[in-house]
Q: 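My questions all concern the structure below.
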Amino acid sequence: MERIPEPELMDEPGQAAAYAAADFTAPHTHFVELFRAAFGEVAGVALDLGCGPADVTIRFARDQPRCRVHGVDGAAAMLAHGQEAVRRARLDGRVQLIRGYLPGASLPQARYDAVISNSLLHHLHEPMALWTAVQAHARPGAPILVMDLMRPASRSEAEAMVARYAAGEPPVLQRDFFHSLLAAYRPAEVQAQLAQAGLAHLQVQTVSDRHLVVSGRA
Ligand SMILES: C[S@@+](CC[C@H](N)C(=O)[O-])C[C@H]1O[C@@H](n2cnc3c(N)ncnc32)[C@H](O)[C@@H]1O
């Protein structure tokens with residue numbers, strides 16, 4: 001099945017509200033566990049690219065108490081939910097959210113001690129936007145962990161995944177999940193992107209029936 005792109009920014013209020021209210025405990029817990037398993041406890045300032053409503057940002061900050069985290073996203077609607085979640089989590093002192101469009105977003109600092117990203121890649125019309133930002137902002141040796149969906153073989157497989165994993169979610173979220181699966185990249189495509197970006201040393205692994213992870217050090 002050919003990739004079908006979806007809109008980049010999630011700036012529609014209803015869409016952002018549904019996404020912010022959804023329960024992503026399983027994949028987002030998996031994300032921070034994968035980071036810890038690969039890199040242990042890290043210290044310094046981490047950058048979360050495409051942080052959305054900051055659920056991963058907050059889970060990462062809780063799991064990595066010696067880190068501060070800067071989350072960047074281009075969608076004001078998503079960041080509004082993120083600001084509220086950070087305040088509720090009482091992490092205002094360690095988590096800062098920034099509105100910025102990638103690549104080229106203006107960030108509080110040039111280089112970061114870790115770079116993470118979850119579910120941004122499949123939104124990008126030009127995937128190099130993510131890898132350019134990783135290259136630009138990871139200090140040499142910094143841990144990198146990027147997780148995203150993988151495109152299934154067919155539309156019917158994508159429909160089956162929506163039924164399996166999002167049956168109880170509101171229709172707007174089911175629709176977004178379906179479109180995200182159609183827009184996702186395959187491991188071989190990601191490997192080609194990494195080679196183009198000069199990041200071929202990063203590892204691409206399949207970690208569930210619908211997720212891939214890119215990890216390694218800058
Ligand atoms: C599916 S959400 C993922 C949010 C969060 N990382 C998570 O795992 O819950 C993708 C996010 O990427 C943002 N985004 C997409 N393209 C972007 C770009 N070029 N620059 C900045 N943010 C972007 C969207 O606005 C959206 O909030």
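All values below come from the heavy atoms of this structure, side chains included, with hydrogens, waters and symmetry mates left out. Just follow the structure's listing: the first ligand is 1, and inside any ligand the first atom is 1.
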Q: Any atoms of ligand 1 less than 4.0 Å from a non-hydrogen atom of V56? List them with their elements.
A: 8 (O)

Q: A quick test of your reading: do over 12 heavy atoms of other residues, nucleotides or ligands sit less than 6.0 Å from CZ of R68?
A: no

Q: Any chance you could lay out the ring-ring contact (aromatic ring centres under 6.0 Å, His included) test for H122 and Y185, step after step, and finish with the verdict?
A: CA-CA 6 Å; H122 70 269; Y185 294 96; 8.7 Å; no

Q: At what distance is the nearest protein heavy atom to atom 13 (C) of ligand 1, and which residue and atom is it?
A: D73 OD2, 3.2 Å

Q: Among all the protein's non-hydrogen atoms, which is closest to atom 8 (O) of ligand 1, and how far away is it?
A: N118 ND2, 2.7 Å

Q: Would you please determine whether S117 falls within less than 4.0 Å of ligand 1 on a heavy-atom basis?
A: no

Q: According to ring pair (Phe, Tyr, Trp, His ring centres under 6.0 Å), who are the partners of H179, at least two apart in sequence or on a separate chain?
A: none

Q: Got the closest protein heavy atom to atom 10 (C) of ligand 1, with its distance?
A: S119 O, 3.4 Å

Q: Does any N or O atom in L102 lie less than 3.5 angstrom from one in ligand 1, N or O only?
A: yes

Q: More than 12 heavy atoms of other residues, nucleotides or ligands under 6.0 Å from CZ of R164: yes or no?
A: yes

Q: Please list the nearest protein heavy atom to atom 4 (C) of ligand 1 with its residue and the distance rounded to 0.1 Å.
A: G50 O, 3.3 Å

Q: Provide, to 0.1 Å, the distance between atom 3 (C) of ligand 1 and the closest protein heavy atom, together with that atom's residue and name.
A: Y19 OH, 3.4 Å

Q: Using non-hydrogen atoms of the residue, decide whether C51 is closer than 4.0 angstrom to ligand 1.
A: yes

Q: Does ligand 1 have any atom sitting under 4.0 Å from a heavy atom of L120?
A: yes

Q: Indicate, as side chain, backbone, both or neither, the part of E8 found under 4.0 angstrom from ligand 1 when only non-hydrogen atoms are considered.
A: both

Q: Locate the shortest heavy-atom distance separating D48 from S117; write the atom from each residue and the value.
A: OD1-CA, 3.9 Å

Q: Report the part of S180 in contact with ligand 1, treating N, CA, C, O as backbone and CB onward as side chain, heavy atoms under 4.0 Å; options are side chain, backbone, both, neither.
A: neither

